[in-house]
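Note: hydrogens, waters and symmetry copies are ignored here, and every other heavy atom, side chains too, is used.
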Amino acid sequence: MDYPLISIVIATLNSQNTLSGVLKSIRKQTYPQNKMEILIIDGGSKDETLDIAKKFECLVIKNLKTDQVYAKHLGWLNSRGKYIVFLDSDEKLADKNSIREK
């Protein structure tokens, strides 16, 4: 089966306490990992958020306006996928097939 690229956009700002859980839920997906790109749109985090993003091999984009709506817009502008999934920095995918089946 030919899987399209999926872009997952996550707006962050000092999200070290929740971001790992979100990224782990993405990495557990049955959808091919090489067909997902994860974009972290960061509003200037001063904690370990960016280190966590790098650990999970995410593309980090600076959000100079720090606004969450603008972060989603930046994610949309920078995504390469055929489909885009927007997640909050504290939102986990409930099922390992969430992306494959939706």
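Hydrophobic clustering of Ile, Leu, Val, Met, Phe, Trp and Tyr side chains at less than 4.5 Å, counting indirect connections, keeps Ile41 apart from Ile38. A continuous path of ILVMFWY side-chain contacts below 4.5 Å connects Ile40 to Met36, so both sit in one hydrophobic cluster. Both Ile61 and Val9 sit in one connected hydrophobic cluster of ILVMFWY residues. Membership requires side-chain heavy atoms under 4.5 Å apart, directly or through other members. Leu59 and Leu50 are members of different hydrophobic clusters when ILVMFWY side chains are connected at heavy-atom separations under 4.5 Å.
Between Ile6 and Lys35 there is no side-chain heavy-atom pair separated by less than 4.5 Å. Side-chain contact check for Trp76 versus Ile84: some heavy-atom pair is nearer than 4.5 Å. Under the 4.5 Å side-chain criterion, counting only non-hydrogen atoms from C-beta, Leu5 is not in contact with Lys82. Inter-residue side-chain proximity for Ile10 and Ile26 is flagged as met; some heavy-atom pair is nearer than 4.5 Å.
Using modelled atom types and a 3.5 Å distance limit, the side chains of Ser7 and Glu37 yield a donor-acceptor pair.
The hydrophobic side chain of Val69 is isolated, with no ILVMFWY side chain under 4.5 Å apart from it.
A distance of 7.5 Å separates CG of Leu93 from CD of Glu91, quoted to the nearest 0.5 Å. Note that the CD1 atom of Ile52 and the OG atom of Ser15 stand 8.5 Å from one another [nearest 0.5 Å].
Within a 6.0 Å sphere centred on CZ of Arg27, heavy atoms belonging to other residues, nucleotides or ligands number more than 12.
Partner of Cys58 under the side chain to side chain contact (heavy atoms under 4.5 Å, CB included) criterion, out of Leu23, Ile8, Leu19, Leu39: Leu23 alone. Each of Thr12, Leu13, Val60 was compared with Thr49 under the side chain to side chain contact (heavy atoms under 4.5 Å, CB included) criterion, and only Thr12 meets it.
A donor-acceptor contact shorter than 3.5 Å is absent between the side chain of Ser25 and the backbone of Lys92.
For the ring pair (Phe, Tyr, Trp, His ring centres under 6.0 Å) condition, no pair includes a residue of residues 48-68, sequence neighbours left out. Residues in residues 53-72 take part in these side chain to side chain donor-acceptor pair (under 3.5 Å) pairs, two or more places apart or across chains: Gln68-Asp88.
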The test is side-chain hydrogen bond (donor to acceptor under 3.5 Å, both in side chains); show your working for Ser98 and Asp95 and say whether it passes. CA-CA 5 Å; Ser98 292; Asp95 182 271; 4.7 Å; no

